[in-house]
Amino acid sequence: MMKHKPVLALVAVFLLPPLLAWLVLAKGWFTPGVTGHGEWVKGNISAAGQWRLVLVTDEPCDYCAPAKSMLHNLDLALGRNEGRVMVTEQPADELLEAGFVYIADPPGLLVMRYPMDKSAEQNRHTGKALLEDLRRLLKYSRAG
């Protein structure tokens, strides 16, 4: 029995961690961290050479005034990165749905979108989430 203790200890050292990891994942005890607040989207728009916040509008636009105000404040909140981001407005089409603000990278790839609302309070929460995600994107991006 004494001869088998080192072998059993060695087997336990190498097999126990994967078994515990499998158990944690199988039981749903692990929740992965959230990496973005917006909704991930796919698509391309025209390239601009810098990051863009695209407000997509239609007629009538009851959310436009609060959204424009929020985007202006967000642009100011970027501080030294303000020059890397351009705020634009585009009409809705088959790719861009009205009522959302999209983040597009310099080559024109759509990254995320955030819903706009008539409520200034709801747009304030959306603006905070958008700012956090945009700062993270700008931090790790060399483009624009």
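Only a predicted model underlies this, so the values are computations on that prediction, with no experimental measurement involved. In what follows, residues are counted from 1 in the order of the sequence shown.
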Requested in this report: Kindly work out whether a path of hydrophobic side-chain contacts (I/L/V/M/F/W/Y, heavy atoms less than 4.5 Å apart) joins Val13 to Leu23.
Outcome: no
Query - Heavy-atom pair with the smallest gap, counting every atom of Met86 and Ala48 - result: CE-CB, 3.9 Å
Query raised in the report: Would you say the side-chain atoms of Arg84 pair up with the backbone N or O of Trp51, donor to acceptor, closer than 3.5 Å?
Result: no
Requested in this report: Give the cluster check for Val87 versus Val54: same hydrophobic cluster or not, with ILVMFWY residues linked at side-chain heavy-atom distances below 4.5 Å.
Outcome: no
Query raised in the report: Sub-3.5 Å donor-acceptor pair from the side chain of Asp105 to the main-chain atoms of Val111, do we have one?
Result: no
Report task. Step by step, work out the side-chain contact (heavy atoms from CB on, under 4.5 Å) result for Glu121 and His125. Result -> CA-CA 7 Å; Glu121 182 67 29; His125 293 297; 3.2 Å; yes
Query raised in the report: Would you say Trp29 and Leu16 are hydrophobically clustered, going by side-chain heavy atoms of ILVMFWY under 4.5 Å?
Result: no
Query raised in the report: With a 4.5 Å heavy-atom cut-off, do Val85 and Leu138 have their side chains touching?
Result: yes
Query - Check: Leu134 and Asn81 side chains under 4.5 Å, non-hydrogen atoms - result: no
Query raised in the report: side-chain contact (heavy atoms from CB on, under 4.5 Å) between Arg52 and Ser46: does it pass, once the steps are laid out?
Result: CA-CA 11 Å; Arg52 283 174 290 170; Ser46 62; 4.0 Å; yes
Query raised in the report: To the nearest 0.5 Å, how far apart are OH in Tyr102 and CD1 in Ile45?
Result: 10.0 Å
Query raised in the report: Does a side-chain N-to-carboxylate-O contact under 4.0 Å join Glu132 and Lys128?
Result: no
Query raised in the report: Is there side-chain contact between Leu130 and His37, with at least one heavy-atom pair below 4.5 Å?
Result: no
Requested in this report: State whether the side chain of Gln90 and the backbone N or O of Thr57 hold a donor-acceptor pair below 3.5 Å, judged by distance alone.
Outcome: no
**Report entry** Side-chain heavy-atom pair Arg113, Glu97 within 4.5 angstrom cut-off
**Finding:** yes
Report task. First locate atom CG of Leu131, then atom CG of Leu53, and finally report the distance between them rounded to the nearest 0.5 Å. Result -> 9.5 Å
Query raised in the report: Less than 4.5 Å apart, any side-chain heavy atom of Val101 and any of Leu71?
Result: yes
Query - Least distance between heavy atoms, Met116 atom then Ala67 atom - result: SD-CB, 3.5 Å
Query raised in the report: Which pairs pass side chain to side chain donor-acceptor pair (under 3.5 Å) with one or both residues in residues 62-73, sequence neighbours excluded?
Result: Lys68-Glu89
Query raised in the report: Of all heavy-atom pairs between Pro107 and Ala47, which one has the smallest distance, and what is that distance?
Result: O-CB, 3.5 Å
Report task. Look up atom OG in Ser141 and atom CZ in Arg136, then write down how far apart they are to the nearest 0.5 Å. Result -> 14.0 Å
Query raised in the report: Quick one: are Arg124 and Pro66 in side-chain contact, heavy atoms under 4.5 Å?
Result: no
**Report entry** Donor-acceptor contact present, side-chain Asn123 to main-chain Asp117, <3.5 Å
**Finding:** yes
Requested in this report: Report whether Met112 and Leu110 are members of the same hydrophobic cluster (ILVMFWY, side-chain heavy atoms less than 4.5 Å apart, transitive linking).
Outcome: no
Query raised in the report: Under a 4.5 Å side-chain heavy-atom rule over Ile, Leu, Val, Met, Phe, Trp and Tyr, are Val56 and Ile103 clustered together?
Result: no
